[in-house]
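Notes for the one structure printed next.
Just so it is clear: chains get the letters A, B, ... in the order the sequence lines come, proteins before strands, and each one is counted from 1.
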Protein chains: 2
Amino acid sequence: MTVSIKDVARQAGVSIASVSRVISGKPGVGSATEARIRKIMEDLNYRPNLGARGLVKQQTGNIAIIVPRGSFTLNNPFFSTVIDGIAKGIDQSDYNIVMSFSSAQQKKLLENKSVDGIILFSPRSEEFRLEWLENLGLPTVVIGSYIDDSPFPCVRPSDTDGIDQAVHALYERGHRHIGLVNEPMSSMHSVKCWEGYHQALQRLHLGPGSNDMLELNEFDVNASDRSVAAFFRSRPTMTGIVCASDYLAIGIMRIAATMGLSIPEDLSVIGADDVPIASLLTPALSSVQVDLPGIGQEATRMLIDLLTGKHVDSKNLVFPMTYIDRETTRNTEH
Amino acid sequence: MTVSIKDVARQAGVSIASVSRVISGKPGVGSATEARIRKIMEDLNYRPNLGARGLVKQQTGNIAIIVPRGSFTLNNPFFSTVIDGIAKGIDQSDYNIVMSFSSAQQKKLLENKSVDGIILFSPRSEEFRLEWLENLGLPTVVIGSYIDDSPFPCVRPSDTDGIDQAVHALYERGHRHIGLVNEPMSSMHSVKCWEGYHQALQRLHLGPGSNDMLELNEFDVNASDRSVAAFFRSRPTMTGIVCASDYLAIGIMRIAATMGLSIPEDLSVIGADDVPIASLLTPALSSVQVDLPGIGQEATRMLIDLLTGKHVDSKNLVFPMTYIDRETTRNTEH
DNA sequence: TTGTAGGCGTTATCAC
DNA sequence: GTGATAACGCCTACAA
């Protein structure tokens with residue numbers, strides 16, 4: 001059914017070697033025969049079988065995007081925005097993107113020699129052990145915060161500094177009791193955010209404040225209404241909240257509304273990452289901006305450099321974050 | 001470097017045939033040798049090469065998701081929400097998802113025998129010609145409105161009815177001059193929306209109103225500020241707007257704001273699809289709800305049925321839409 | 001129960 | 001310039 005290099009060769013009355021040569025643009029074919037072969041390929045509508053080629057060249061032409069299960073949900077705008085950047089980066093190349101959605105399938109995908117490289121969204125320790133990843137022997141670049149001494153190049157926002165900025169912004173607006181809503185600490189991202197929060201409190205002499213971080217049990221805020229409500233209720237003097245992501249902040253805004261808290265009158269809220277919808281919400285979400293598509297694009301470039309043996313310049317690319325003041329923050333008298 | 005079936009065979013002192021048998025769980029291997037082989041596989045950390053297997057079994061284990069270039073932007077919540085459904089559907093199977101992002105790459109992906117089937121988001125005629133698609137000979141299911149007599153099974157929202165409902169909702173609230181903001185008519189989805197709009201106007205005896213559709217030149221509203229503004233300004237009596245999608249409606253709300261029009265006081269707006277963020281906006285967007293993840297999941301199930309030779313029941317699965325009244329619509333006296 | 005051998009569609013190394 | 005032919009890693013009759 002499917003037309004192969006053999007069919008072309010037979011039709012053209014040449015050996016498959018010659019056909020293969022014109023396909024891969026290698027020299028050593030008379031221009032007359034080349035023309036003939038080209039014509040036959042056209043007539044027969046020949047298309048190379050990438051699988052077969054991959055078998056001999058030991059490469060697949062595929063890149064895996066691995067998003068931790070659970071935070072998955074392409075709907076999480078953090079991922080979709082970064083992936084838009086990846087799309088842009090990959091357009092220039094000949095690679096395709098392969099994705100799996102369950103953790104078991106992701107593992108299989110990476111083990112089965114069906115990809116040449118990996119773009120890994122900040123993995124959580126429970127899901128992918130570092131040793132296991134290294135054992136794969138695949139070029140890998142990590143997006144987002146990850147183990148500090150990991151062997152993989154990494155592209156990420158300056159989370160620590162970003163959260164620090166957010167706390168400072170609140171401080172400047174008169175807030176003195178500032179909380180942090182964070183994802184489970186099993187994610188390195190959460191640790192970085194915690195560090196930024198802690199560092200800011202210290203610099204501002206606001207005390208340790210470790211009591212004022214809410215560590216969610218799930219990665220999805222919307223599964224945590226009760227603990228969020230309890231957190232707010234038990235801290236009546238708290239006037240400002242910094243969230244580890246916009247996604248979190250949006251959930252917080254929703255929960256606050258159901259509790260009868262109005263933002264920013266009763267509570268100032270700041271997100272992180274500044275995803276596109278942040279500015280569309282009402283009140284528009286104050287956030288810490290970072291070039292999310294840029295991160296995706298740079299990570300892709302790095303991986304492709306790795307794949308093509310080019311020298312990869314910097315092992316750690318940190319994108320700056322800058323506070324954006326919108327409508328969820330307001331001055332308060334303390 | 002990479003350990004193959006041969007290595008296992010040699011180590012175990014058996015033929016590759018036996019190893020292959022235990023891998024694929026075929027009978028005909030002594031339980032003693034089977035155990036030995038299993039152990040060696042474990043020790044050597046053997047992983048099958050899917051590419052090689054695909055070569056002989058003539059299948060790749062991959063499914064392509066094709067999203068029309070331009071509307072791409074995983075950030076378009078319509079796509080990300082449906083794809084979330086696809087993810088759910090595919091979790092049960094052993095298939096992986098492959099994506100390309102430029103139109104040229106997508107074509108190559110489909111031609112190169114690197115996928116077993118296709119999930120195609122309502123293609124526009126300029127990008128993928130039906131004849132070309134058929135010629136591929138790949139099991140394909142289409143998501144969203146498409147050519148009526150296409151040979152491919154199709155899962156889609158009842159766009160026509162949905163828009164009809166939206167117009168009626170506005171009518172019931174007293175609106176008599178109702179406009180439609182639509183994407184380029186090269187998309188079948190736009191045509192269906194137009195039909196729903198037209199049909200509603202007729203039933204309500206509101207005249208043809210063909211003058212009151214704005215057909216955007218681009219698929220991205222945000223590139224069309226000027227024409228949207230002109231559209232509004234030239235129709236001072238228009239009090240209600242139906243949009244072909246929530247994505248469009250969100251853009252319209254933004255543009256209206258910059259024009260000093262307030263919603264819903266000056267203008268009632270209804271979106272379509274009811275994507276998750278619709279309810280998070282303020283004012284919360286009135287829309288026509290449809291089970292987007294369900295569409296993705298059903299499409300995936302259909303494709304997998306097709307792929308596994310199971311009987312596929314219905315060639316055309318239409319998901320009902322129902323109007324959801326939120327805050328962007330208001331009564332008006334005409 | 002086990003092994004041999006041919007083939008899936010390509011590329012690459014030889015000869016001629 | 002051109003053509004055999006051996007891989008690549010795997011599956012599968014067919015033999016033994």
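Residues B/S122 and B/P68 come closest through the heavy atom pair O-CG, 4.1 Å.
Residue contacts for A/K113: at a heavy-atom cut-off of 4.0 Å it reaches no nucleic acid atom on any strand shown. Residue contacts shown for A/P48 are limited to sugar-phosphate atoms, with no base heavy atom under 4.0 Å away. Nucleic acid contact class of A/G30 (heavy atoms, under 4.0 Å, all strands): sugar-phosphate only. A/S24 comes within 4.0 angstrom of nothing in the nucleic acid, heavy atoms only.
Within 6.0 Å of NZ in B/K39 there are 12 or fewer heavy atoms belonging to other residues, nucleotides or ligands.
Seen from the ring of B/F101, A/K88 does not count as a face-on cation partner, given the 6.0 Å and 45° thresholds.
The B/S15 side chain lies nearest to C/dT4 when the options are C/dT10, D/dC11, C/dT4. Taking only side-chain atoms of B/T33, from C-beta outward, the nucleotide of D/dC10, C/dT2, C/dA12 with the closest atom is C/dT2. Among the nucleotides D/dC8, D/dC10, D/dT12, the one closest to any side-chain atom of A/V56 is D/dC8.
For the pair B/L55 CG and C/dC8 P, the interatomic distance rounds to 9 Å; values are reported in whole Å. Between the P atom of D/dC11 and the CD atom of B/Q59 lies a distance of 11 Å, rounded to the nearest Å. Atom CD1 in B/I5 sits roughly 18 Å away from atom P in D/dA7 (whole-Å rounding). In this entry the distance linking CD1 of A/I23 with C1' of C/dT11 reads 10 Å, nearest Å. Between the CG atom of B/N49 and the P atom of C/dT10 there is a distance of 16 Å, given to the nearest Å. Across the protein-nucleic acid pair, A/K57 atom NZ and D/dA7 atom P stand 19 Å apart, rounded to whole Å. Rounded to whole angstrom, the span from the CG atom of A/L44 across to the P atom of C/dG9 amounts to 14 Å.
Of the side-chain N and O atoms in A/S4, none sit less than 4.0 angstrom from OP1 or OP2 of C/dC8. Within the structure, every side-chain polar atom (N or O) of A/S20 is placed at least 4.0 Å from both OP1 and OP2 of C/dT10. OP1 or OP2 of D/dG9 lies within a sub-4.0 Å distance of a side-chain N or O belonging to A/Q58. Checking the phosphate oxygens (OP1, OP2) of D/dC8, a side-chain nitrogen or oxygen of B/K6 falls inside 4.0 Å. Within the 4.0 Å cut-off from OP1 or OP2 of D/dC11, not a single side-chain nitrogen or oxygen of B/K26 is found.
The aromatic rings of A/Y146 and A/F152 lie parallel to each other, with less than 30° between the two planes, well short of the 60° mark.
The closest side-chain heavy-atom distance from A/P151 to A/L130 is below 4.5 Å.
Side-chain N or O atoms of A/S145 include none that pairs as donor or acceptor with a backbone N or O of A/M188 at under 3.5 Å.
DNA chain D is contacted by both B/R21 and B/A52; B/A52 maps to the nucleotide lying nearer its 5′ end (nearest heavy atom per residue). Both A/R53 and B/I16 sit near DNA chain C, but only B/I16 has its closest nucleotide nearer the 5' end.
A donor-acceptor contact under 3.5 Å is not formed by the side chain of B/R47 with the base of D/dG9.
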